[in-house]
Amino acid sequence: MEPTLYFHPLASYCWKALIALYDSGVAFTPRLVDLGKADDRAALQALWPPARFPVLHDAAQGRVLPESTILIEYLAERHPGAAALLPTDARERLDVRLWDRVCDDHLQDPMQKIVGDRLRDAAVRDPHGVAEARTALQRAYPLFEQQLAGRTWLASDGFSLADCAALPALFYASILEPIPDGLGALHAYFERLLLRPAVQRVLEEARPWFRFFPFADAMPARFVATEPL
Ligand SMILES: N[C@@H](CCC(=O)N[C@@H](CS)C(=O)NCC(=O)O)C(=O)O
């Protein structure tokens, strides 16, 4: 029996898992979770009480895998198609895990702060926290530019966990805080990521939902939703 992925097509951490699954050709059953629906939330919560996704339920193995990085590590250990996402060479593997963390901690987290704040009632917004998050994004981009000099992928010779993490982080972060024009290696890397078939599939599946993104107005025209739900 193939595993089930609990996810939402707009959620950036779910994209990270979906890119890994599509890129490695691992068969799975998608289970779209609308956290606004009590039944959906309860189903996710029954597996993982924090009710954050993605969550992979591999019933055949009796395993529940929350946390996108661990989920991808699990795939890499069990599925030959996914093995390359986590290189076996210890040094390269450490770099991959480092840059996975940098993507989550220095791009995804500040990006979530800014988006989350927009969804709050005006009375409880946190302008100072949002300003700090924007500064964090501005400081992160040059780190990536430096790391990408002379590289095709972020942290290893091949496409890896770090690249699965980078695409959703850069996609959403760059809508909120554009990547400066001068960071040529980072721009080129982002375009390379966008061409990856797994990424194109994720974007295609997300497109009908983009209008629900709180900063949809700031999305580049090439990504904007064209079809109604
Ligand atoms: N560290 C977790 C973060 C997961 C996460 O924050 N997921 C978001 C969607 S991108 C979520 O579940 N948001 C729903 C909520 O906060 O209620 C991971 O890597 O999977």
Side-chain angles (χ1 to χ4, degrees), residues 3-23 26 28 30-58 63-77 82 85-86 96-121 124-126 129-130 133 136-137 140 154-155 160-176 199 202-203 205-207 209-216 219 223:
T4 300
L5 182 76
Y6 289 69
F7 80 110
H8 189 281
L10 198 54
S12 55
Y13 279 106
C14 296
W15 284 16
K16 183 172 152 185
L18 284 167
I19 292 166
L21 284 157
Y22 290 155
D23 202 80
V26 175
F28 69 100
R31 166 79 150 87
L32 194 151
V33 176
D34 178 347
L35 287 173
K37 291 186 179 156
D39 287 357
D40 277 11
R41 179 176 281 275
L44 180 62
Q45 225 156 12
L47 286 176
W48 181 235
R52 294 177 87 90
F53 42 31
V55 172
L56 188 78
H57 184 202
D58 192 346
R63 296 296 314 244
V64 173
L65 285 308
E67 292 296 334
S68 53
T69 298
I70 305 306
L71 187 162
I72 294 172
E73 290 197 20
Y74 179 76
L75 297 177
E77 276 170 18
L85 294 173
L86 217 61
V96 164
R97 301 190 81 246
L98 167 63
W99 282 92
D100 169 68
R101 295 296 77 231
V102 176
C103 290
D104 283 12
D105 296 349
H106 296 262
L107 293 177
Q108 286 261 33
D109 286 358
M111 179 272 288
Q112 278 193 337
K113 168 72 187 173
I114 299 165
V115 174
D117 196 77
R118 176 62 71 93
L119 294 169
R120 288 179 178 179
D121 287 339
V124 289
R125 290 213 176 125
D126 172 18
V130 167
L137 294 180
L154 185 55
S160 75
L161 161 68
D163 302 298
C164 297
L167 182 278
L170 288 170
F171 182 93
Y172 284 114
S174 66
I175 293 168
L176 308 179
V199 170
V202 167
L203 292 180
E205 290 170 358
R207 184 161 286 130
W209 301 87
F210 279 156
R211 62 200 172 93
F212 297 111
F213 179 56
F215 290 85
M219 275 186 134
F223 299 133

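These numbers come from a predicted model, not from an experiment. In each ligand, atom 1 is the first atom listed, and ligand 1 is the first ligand listed.
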Next item on the list: Go through the steps for L35 and H8 under the test side-chain contact (heavy atoms from CB on, under 4.5 Å), then give the verdict.
Entry: CA-CA 9 Å; L35 287 173; H8 189 281; over 6 Å; no

Just checking R63: does its CZ atom have more than 12 heavy atoms from other residues, nucleotides or ligands closer to it than 6.0 angstrom?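 Count not over threshold, so no.
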
What donor-acceptor contacts under 3.5 angstrom involve side-chain atoms of residues 10-17, with partners at least two apart or in another chain?
from : atom 1 : to   : atom 2 : distance (Å)
S12  : OG     : Q108 : OE1    : 2.8
Y13  : OH     : D109 : OD1    : 3.2
W15  : NE1    : P9   : O      : 2.7
K16  : NZ     : S68  : OG     : 3.1
K16  : NZ     : T69  : OG1    : 2.9
K16  : NZ     : D100 : OD1    : 2.9
K16  : NZ     : D104 : OD1    : 3.3
K16  : NZ     : D104 : OD2    : 3.0

message: Listing request: all salt bridge (Lys or Arg N to Asp or Glu O under 4.0 Å) pairs with a residue in residues 38-47, at least two apart in sequence or in separate chains.
response: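 As it turns out, the salt bridge (Lys or Arg N to Asp or Glu O under 4.0 Å) pairs with a partner in residues 38-47, which skip direct neighbours, are R31-D40.
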
Side chain to side chain donor-acceptor pair (under 3.5 Å) involving E67 - partner list, sequence neighbours excluded
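Result, side chain to side chain donor-acceptor pair (under 3.5 Å) vs E67: none returned.
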
Exercise for review: Return the protein residues near ligand 1 (heavy atom under 4.0 Å from any of its atoms), ordered by chain and residue number.
Suggested key: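 Lining ligand 1 at under 4.0 Å, by heavy atoms, one finds A11, S12, Y13, L35, R52, F53, P54, E67, S68, Q112.
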
So, F215 versus Y172, ring centres under 6.0 angstrom or not?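 They do not qualify: ring centres at least 6.0 Å apart.
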
